Amino acid sequence: MALNLYNSLTRRKEEFEPLNKGRVGIYVCGPTVYGHAHLGHAKSYVSFDILTRYMRYLGYEVTYVQNITDVGHLTDDADEGEDKIATAAKKENKHPMALAEYYTRSYFEDMDKLNCFRPDISPRASGHILEQIGMVTTLLKKGYAYEANGSVYFDVSKFENYGKLSGRNIDEMIAGARVEVSPDKKNPADFALWKKAERNHIMQWPSPWGMGYPGWHLECSVMSTKYLGKTIDIHGGGLENQFPHHDCEIAQSEATNDLQFVRYWLHNNMVTVDGQKMGKSLNNFITLKQAFSGTHERLTKSYDPLAVRQLILNSHYRSPLDFSDAALFAAQSGYGKITETVKALRKRMEIASTGSIDEEIVEQLKQMREKFEAGMNDDLNTSVGLSVMFELVRLAQSLLEDSRTTKETLNLLDVLFDRLGGDVLGIVKEDYQQDATADEGLTDKLVNILIEQRKDARTNKDFALADQLRNTLDDMGIVLEDKPDMTTWRMK
RNA sequence: GGCGGCGUAGCCAAGUGGCCUAAGGCGACGGUUUGCAAAACCGUUAUUCGCCGGUUCGAAUCCGGCCGCCGCCUCCA
């Protein structure tokens, strides 16, 4: 079975076929870096991280491009607002580029924690001004754009299917227009390609139309074309960007190149917090840093970044996801179960005896892999993929109960955890040692001394002392686990 | 106003015409194990998929109506 993806353009699931055999170009709308990344970013970028990971798993050579918007994104889409970066820079008293740099780093830091692979290319809008001017020039030359008072606008009436992605037509939009229309525009739906800069505007560049800066929609068209070609396989982004952003991209790009811009449009759904849309004006805006540290009044504790990732994978990328403390808590428990199982499995592999492989297990694992792939092939159903991980957990635990399980059999499970849980889902780590503090060796020795003391106490039926030792360690966050032949410990 | 989505167990969530007497997780309860626990394992937890009607040999899945919730079009991915 081949990979099927829901294409927003056709509103259907379609079998994915790349333009060039074996290679895929993916462009995803990146963040506007004027604040720390929040839960909404997490859902979007984890979703597209899964897409690229799974395509690589299938053997495609993927080029993943995700822009950084550091100029031109205005505070409203009527093209009359202020530049978001400039506004935030003024507030934080920083140079706009310093602000953008600061939040770009913050963004990557958070995405690294969520175990999202870095894009192959992270182009900045401000680094592609020349190319953007080039596209505006072409559009003017071809009659799709007009200059007015130092700004250049795209004339939507010249582009036949404007709004085809979001299913809108121009007349409806004019009727529903809620924002003031610039007097420079011929048509209220026209959008800015290039904006004239006022003299005090910090970010501005020389252009054939005077000093100014590019319109927000332009950067994605220009940078995707530059790095992936005039027609790209996949373009992803949040549902809220479908209109106007993506429809504008289509109009600009297709008017410029006379070729289909994007073959598969993918849109992830939005997040809510405690059942309501997340907004800065409501009191439920949670950044990733707050979630990871538990410093938000809606959260009762801190959450492991990978537990956040797992919660995202628990539902479909095209479904809305409600973040709540309870949901995060449940994900944290489930994530812990998978992690502990993988750790136990690997520890056991070190001491398990070698021997034959259980053929029945081989067959079970084969079926699990098939179920996993069938789910992922069906428009990236990570919920099914995750359910396979828990089936694998149950199988692993039952095999760990049996002391006769061979190293070879355990290794088969470990491979599946690595490939499906690690490579594709990104919730199983290659190595958990790094999590531990530097003095783990010392801690291990000290705890083992106490475990020995407790063992002696238990042998002597001095349970009061045995329990005291266990409780003291528990208070320090160290949990003892009594196994038939030995006692092990782990951090809570 | 325009466009779109959703309503499945206490909670989260897959499934969208027969393999569904409905995955998986969290939680809860019972058992095994244990000196007692924890962890782990086994089992139980929706005869039913918002409500009503229709199509069909057959519907959670299709159609119509009703009720409820949410999102985008504005801050925002």
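This structure is a prediction, so every number in the text was calculated from the model and none was measured. Just so it is clear: chains get the letters A, B, ... in the order the sequence lines come, proteins before strands, and each one is counted from 1. Basis for what follows: all heavy atoms, side chains included, without hydrogens, waters or symmetry-related copies.
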Of the listed nucleotides ([options]), which one gets closest to any side-chain atom of [X]?
{"X": "A/K277", "options": "B/C26, B/C75, B/A40", "value": "B/C75"}
{"X": "A/S315", "options": "B/A14, B/A40, B/C36", "value": "B/A14"}
{"X": "A/E481", "options": "B/C26, B/A38, B/A77", "value": "B/A38"}
{"X": "A/V384", "options": "B/A77, B/A23, B/A13", "value": "B/A23"}
{"X": "A/E240", "options": "B/C72, B/G27, B/A13", "value": "B/C72"}

Just call it for [X]: base, sugar-phosphate, or nothing, with non-hydrogen atoms closer than 4.0 Å on any strand.
{"X": "A/K337", "value": "sugar-phosphate"}
{"X": "A/S324", "value": "nothing"}
{"X": "A/D322", "value": "nothing"}

If the cut-off is 4.0 Å, is [X] near the phosphate of [N], judged by side-chain N/O to OP1 or OP2?
{"X": "A/S333", "N": "B/C12", "answer": "no"}
{"X": "A/R318", "N": "B/G4", "answer": "no"}
{"X": "A/N381", "N": "B/G15", "answer": "yes"}

Separation of atom CG in A/L395 from atom P in B/C41, rounded to whole Å: 11 Å
For [N], does the base pair up with any side-chain atom of [X] as donor and acceptor (N or O, under 3.5 Å, distance only)?
{"X": "A/R470", "N": "B/A37", "result": "yes"}
{"X": "A/D482", "N": "B/A38", "result": "no"}
{"X": "A/S383", "N": "B/A23", "result": "yes"}
{"X": "A/N269", "N": "B/G5", "result": "no"}

Residue met sooner reading RNA chain B from 5', once A/K43 and A/P320 are mapped to nucleotides: A/P320
A/D423 and A/R53 ion-paired at < 4.0 Å: no
Residue pair A/N284 / A/R298, side-chain heavy-atom distance below 4.5 Å: yes
Residue matched to [N] through Watson-Crick or wobble contacts both under 3.5 angstrom:
{"N": "B/C6", "value": "B/G68"}
{"N": "B/A23", "value": "none"}
{"N": "B/C41", "value": "B/G31"}
{"N": "B/G1", "value": "B/C73"}
{"N": "B/G18", "value": "B/C57"}

A/R458 to A/F463, cation-pi by 6.0 Å centre distance and 45° axis angle: no
Aromatic A/Y6 / basic A/K13 pairing, under 6.0 angstrom, 45° off normal: no
Ring geometry between A/H38 and A/F285 (parallel below 30°, tilted from 30 to 60°, perpendicular above 60°): perpendicular
A/D322-A/S324 side chain donor-acceptor pair, cut-off 3.5 Å: no
